[in-house]
Amino acid sequence: RTKHETDTETTNPSLINFDHNYFEDNAGQTITDLVPLSSLFMDAASYADPYQSREEYDIFLSELETGSISMFVNEQWENKAQGESFDYQGRALVIGDNAFSTIRDAVQVSIDGERIFVLPGTYSQDFTINKNNITIIANNMNVNPNRETRTQEAIITGKVTLASGREKLVLNGLAFTDRGQIVSTGGIFDASFMYLNFYESTVPAGDDALILLKSTGATDTQTHFRLMFLNNQFHSSVNSRLVYMDIVEDLVARGNHFETAGTTYADGLRVFRLRSTVPVVIESNTFKNIFQYSIFISNHAVTQMDIIN
């Protein structure tokens, strides 16, 4: 910096407004009064407006990543009446409009482009996603279940069905256990399954899976196109196939952990009829107690396949 230049936030951190942050102690309790801790912070211009709860902060981070949240789901709202208005984290919510006690109720009234935030709790209802450009996220969005400590989970124990022909779907930060699974009824396009935590699954062994994307025919409308599996955990307490797909074009599976009970036949990643004009990428995954095939790919027609583990 020359003598003619003035200080900036880069050259002089004391000019920074370090507002809108979340602080908690080692016991997980929210800290909102920062005065007693002022000596621990660098000399910034401001530390105003810390978040009052972890939930509020998680929602803020989610909106930075995905855009504005349009619907909220909280199992604790089940006793609220249809049409009831209330304030949540400074937002005006209405039951049946932008607030729901089940994910099923939210997706049933959703329109294309909805971004749905699911708060911690257990959601046992089956539901079908039959709109496009739907994002369903939870407070553990972008928190790797294989390497990072997650906070309270939004847990699904029912079946999530992706309707044939849907496109631009994102599931991020949710947990699945017991019989919780994801299935499709036909081809889906541009779908991302990210930071999902399948743990202690009891989805039965055989022609089933924790994520089951199978088609009823070989037409283009039945093709699953551009699928991404990123940093998920797939753990079965029995011997389920973990991810089972048929008629797939363009696939990336990176940073996932696959694990079964390891006592009889089961596969980690099983793909029939894989085709692609761009490189298929299967890398940095881990496999444990896979009694049959860690990776099974049959009847493929791809220009390049990179399997790196």
Side-chain angles (χ1 to χ4, degrees), residues 65 135 137 140-150 162 167-176 181-184 187-201 203 205 208-215 223-237 239-309:
E65 295 279 347
T135 297
I137 56 180
N140 283 312
M141 172 182 146
N142 293 346
V143 180
N144 191 330
N146 305 311
R147 297 181 178 180
E148 299 176 271
T149 301
R150 289 162 68 106
L162 311 177
E167 61 182 28
K168 296 182 179 178
L169 306 177
V170 176
L171 301 179
N172 188 331
L174 300 159
F176 293 76
Q181 66 176 154
I182 300 170
V183 304
S184 69
I188 57 173
F189 311 93
D190 198 3
S192 297
F193 307 93
M194 306 164 62
Y195 302 93
L196 303 180
N197 183 18
F198 285 83
Y199 68 97
E200 298 179 1
S201 171
V203 172
D208 209 341
L210 279 61
I211 294 185
L212 179 65
L213 307 179
K214 292 188 68 177
S215 298
T223 299
H224 297 95
F225 179 69
R226 196 180 297 125
L227 303 181
M228 174 178 286
F229 298 85
L230 177 65
N231 294 333
N232 304 290
Q233 173 178 247
F234 300 105
H235 172 261
S236 172
S237 294
N239 292 289
S240 310
R241 287 179 170 132
L242 300 178
V243 177
Y244 188 4
M245 299 177 286
D246 187 15
I247 313 181
V248 177
E249 183 169 349
D250 295 356
L251 170 67
V252 173
R254 179 182 291 120
N256 304 286
H257 177 74
F258 299 85
E259 181 177 353
T260 74
T263 55
T264 189
Y265 298 106
D267 303 313
L269 177 64
R270 187 178 185 91
V271 188
F272 282 97
R273 291 183 284 186
L274 173 64
R275 61 196 189 198
S276 182
T277 57
V278 300
V280 170
V281 178
I282 303 173
E283 68 176 5
S284 302
N285 302 289
T286 58
F287 301 87
K288 183 177 180 180
N289 295 337
I290 306 297
F291 193 78
Q292 188 164 249
Y293 299 105
S294 295
I295 301 171
F296 179 97
I297 298 174
S298 176
N299 192 15
H300 65 83
V302 300
T303 57
Q304 179 178 335
M305 187 183 307
D306 299 329
I307 301 178
I308 306 169
N309 285 289

Inset, instruction - Apply side chain to side chain donor-acceptor pair (under 3.5 Å) to Thr286 and list each qualifying residue two or more places apart in sequence or on a separate chain. - result: His257
Inset, instruction - Any chance you could measure Leu169, atom CG, to Leu162, atom CG, to the nearest 0.5 Å? - result: 6.0 Å
Legend entry - Approximate separation, where rounding is to 0.5 Å, of Tyr199 OH and Glu259 CD: 15.0 Å
Legend entry - Heavy-atom donor-acceptor pair, Ser201 side chain to Val203 backbone, under 3.5 Å: yes
Inset, instruction - Check side-chain contact (heavy atoms from CB on, under 4.5 Å) between Glu283 and all other residues, then give those that pass, not counting sequence neighbours. - result: Arg254, Val281, Ile308
Legend entry - Which residues share a side chain to side chain donor-acceptor pair (under 3.5 Å) with Ser276, sequence neighbours left out: Asp250
Inset, instruction - Could you tell me whether a side-chain N or O of Asn256 sits under 3.5 Å from a main-chain N or O of Asn285, the two making a donor and an acceptor? - result: no
Legend entry - Shortest non-hydrogen separation from Leu242 to Ala209 and the atoms involved: O-CB, 3.7 Å
Inset, instruction - Starting from the C-alpha separation in whole Å, work towards a yes-or-no answer on side-chain contact (heavy atoms from CB on, under 4.5 Å) for Leu196 and Leu171. - result: CA-CA 8 Å; Leu196 303 180; Leu171 301 179; 4.2 Å; yes
Legend entry - Any Met305 side-chain heavy atom under 4.5 Å of His300 side chain: yes
Inset, instruction - Please identify each residue that fulfils side chain to side chain donor-acceptor pair (under 3.5 Å) with Thr260, with sequence neighbours left out. - result: none
Inset, instruction - Give me the ring orientation class for Phe198 and Phe176: parallel if the planes are under 30° apart, tilted from 30 to 60°, perpendicular past 60°. - result: parallel
Legend entry - Residues which pass side-chain contact (heavy atoms from CB on, under 4.5 Å) with Val143, listed by chain and number, not counting sequence neighbours: Asn140, Glu148, Arg150
Inset, instruction - Return the set of residues passing side chain to side chain donor-acceptor pair (under 3.5 Å) with Arg226 (not counting sequence neighbours), or none when no residue passes. - result: none
Inset, instruction - Grab the two heavy atoms, one from Ala253 and one from Leu269, that are nearest each other, plus how far apart they are. - result: CB-CD2, 4.3 Å
Legend entry - Rounded distance (nearest 0.5 Å) linking atom CG of Asp267 with atom CD1 of Ile297: 11.5 Å
Inset, instruction - Please report the closest heavy-atom contact between Phe291 and Gly262, naming both atoms and the distance. - result: CD1-O, 3.7 Å
Inset, instruction - Could you pull out the closest heavy-atom pair between Asp208 and Gln181, with the gap in Å? - result: OD1-NE2, 3.1 Å
Legend entry - From CG (Asn197) to CD (Gln233), nearest 0.5 Å: 5.0 Å
Legend entry - Shortest non-hydrogen separation from Ser237 to Ala261 and the atoms involved: O-CB, 3.5 Å
Legend entry - Test item: Asn146 side-chain N/O and Asn232 main-chain N/O as donor-acceptor pair under 3.5 Å: yes
Legend entry - Residues which pass ring-ring contact (aromatic ring centres under 6.0 Å, His included) with Phe193, listed by chain and number, not counting sequence neighbours: Phe229
Inset, instruction - Please collect all side-chain hydrogen bond (donor to acceptor under 3.5 Å, both in side chains) contacts where either partner lies in residues 167-176, sequence neighbours excluded, each pair once. - result: Asn142-Asn172
Legend entry - Straight-line distance of Ile295 CD1 to Ile282 CD1, nearest 0.5 Å: 5.0 Å
Inset, instruction - Using the side-chain contact (heavy atoms from CB on, under 4.5 Å) rule, take Val243 and Val271 through it: C-alpha gap first, then chi angles, then the decisive distance, then the call. - result: CA-CA 8 Å; Val243 177; Val271 188; over 6 Å; no
Inset, instruction - Mind checking salt bridge (charged side-chain N to carboxylate O under 4.0 Å, His left out) for Glu200 and listing every partner two or more places apart, or none if nothing turns up? - result: none
Inset, instruction - Could you grab the distance from atom CG of Asn299 to atom CZ of Arg275, nearest 0.5 Å is fine? - result: 10.5 Å
Legend entry - Contacts of type ring-ring contact (aromatic ring centres under 6.0 Å, His included), residue Phe296, not counting sequence neighbours: Phe272, Tyr293
Legend entry - Set of residues satisfying ring-ring contact (aromatic ring centres under 6.0 Å, His included) with respect to Phe287, sequence neighbours excluded: Phe258
Legend entry - Heavy-atom pair with the smallest gap, counting every atom of Leu210 and Ser240: CD1-CB, 3.8 Å
